[in-house]
Amino acid sequence: MDDKGQTTRRPKGYPGRMAFRAFTAKTNGRKRNPLEQPQQELLAVVLSSERAAQRVMEYAGGDLRNLDGCDVRDLAGIPDMGDGRAARLAALLALMAQFAAPFAERVEQLEAENAGLRAKEAAAQRKIMTSAA
């Protein structure tokens, strides 16, 4: 609302609209799948700034996984970020880590089981070789 009590309209490119367009736009007649979008495009939605997203991607060497272990102060030091965007990005990275943790634990379990099975298989093959000789 403005100072006269009338509702004011936001400009066409406001961040909420940009985010909505990113997830509802159609490409070649079909809805865009967010999982198929480049990291920089998705990051621009989260940060509400294409320029900040570009700077973060440059800082990360083109892959957000390279930000693993970055402190919020490190993120705030990236040009065009600021404290608010840095905090949003740090929260996003924390959510991603929390989401991935159970999967990483399961992968470790499966790798340990696989190593155990390989050891048993090698022992069985040695046993066969010694009994055949």
Chemist: Rounded at 0.5 Å granularity, tell me how far CG in Leu67 sits from CG in Leu93.
Modeler: 5.5 Å
Chemist: Applying a strict under-4.5 Å side-chain criterion to I, L, V, M, F, W and Y, I'd like to know whether Val107 and Met96 cluster together.
Modeler: no
Chemist: Suppose we screen for salt bridge (Lys or Arg N to Asp or Glu O under 4.0 Å). Which residues come up paired with Arg126, at least two apart in sequence or across chains?
Modeler: none
Chemist: Shared ILVMFWY cluster between Leu75 and Val46, side chains joined below 4.5 angstrom?
Modeler: yes
Chemist: By salt bridge (Lys or Arg N to Asp or Glu O under 4.0 Å), which residues pair with Arg55, not counting sequence neighbours?
Modeler: Asp80
Chemist: Is any side-chain heavy atom of Arg88 less than 4.5 Å from a side-chain heavy atom of Ser48?
Modeler: yes
Chemist: In Å, rounded to the nearest 0.5 Å, how long is the span from CZ of Arg85 to CG of Leu92?
Modeler: 14.5 Å
Chemist: Transitive ILVMFWY cluster of Phe103 at side-chain heavy atoms under 4.5 Å: who else is in it?
Modeler: Phe99
Chemist: Linking Ile, Leu, Val, Met, Phe, Trp and Tyr by side-chain heavy atoms under 4.5 Å, what else ends up with Leu110?
Modeler: none
Chemist: If you apply the rule side chain to side chain contact (heavy atoms under 4.5 Å, CB included), what do you find for Asn66 with Tyr59, and how did you get there?
Modeler: CA-CA 9 Å; Asn66 294 334; Tyr59 181 83; over 6 Å; no
Chemist: Sequence neighbours left out, what passes side-chain contact (heavy atoms from CB on, under 4.5 Å) with Asp68? Give chain and number order.
Modeler: none
Chemist: Please find the pair of heavy atoms, one from Asp63 and one from Met57, that lie closest to each other, and give the distance.
Modeler: N-CE, 4.0 Å
Chemist: Shortest non-hydrogen contact from Met81 to Ala76?
Modeler: CB-O, 4.3 Å
Chemist: Measuring from Gln40:CD to Leu64:CG, what's the distance to the nearest 0.5 Å?
Modeler: 9.5 Å
Chemist: If you look only at pairs with a residue in residues 98-110, which of them pass as a side-chain hydrogen bond (donor to acceptor under 3.5 Å, both in side chains), with sequence neighbours excluded?
Modeler: Arg106-Gln109
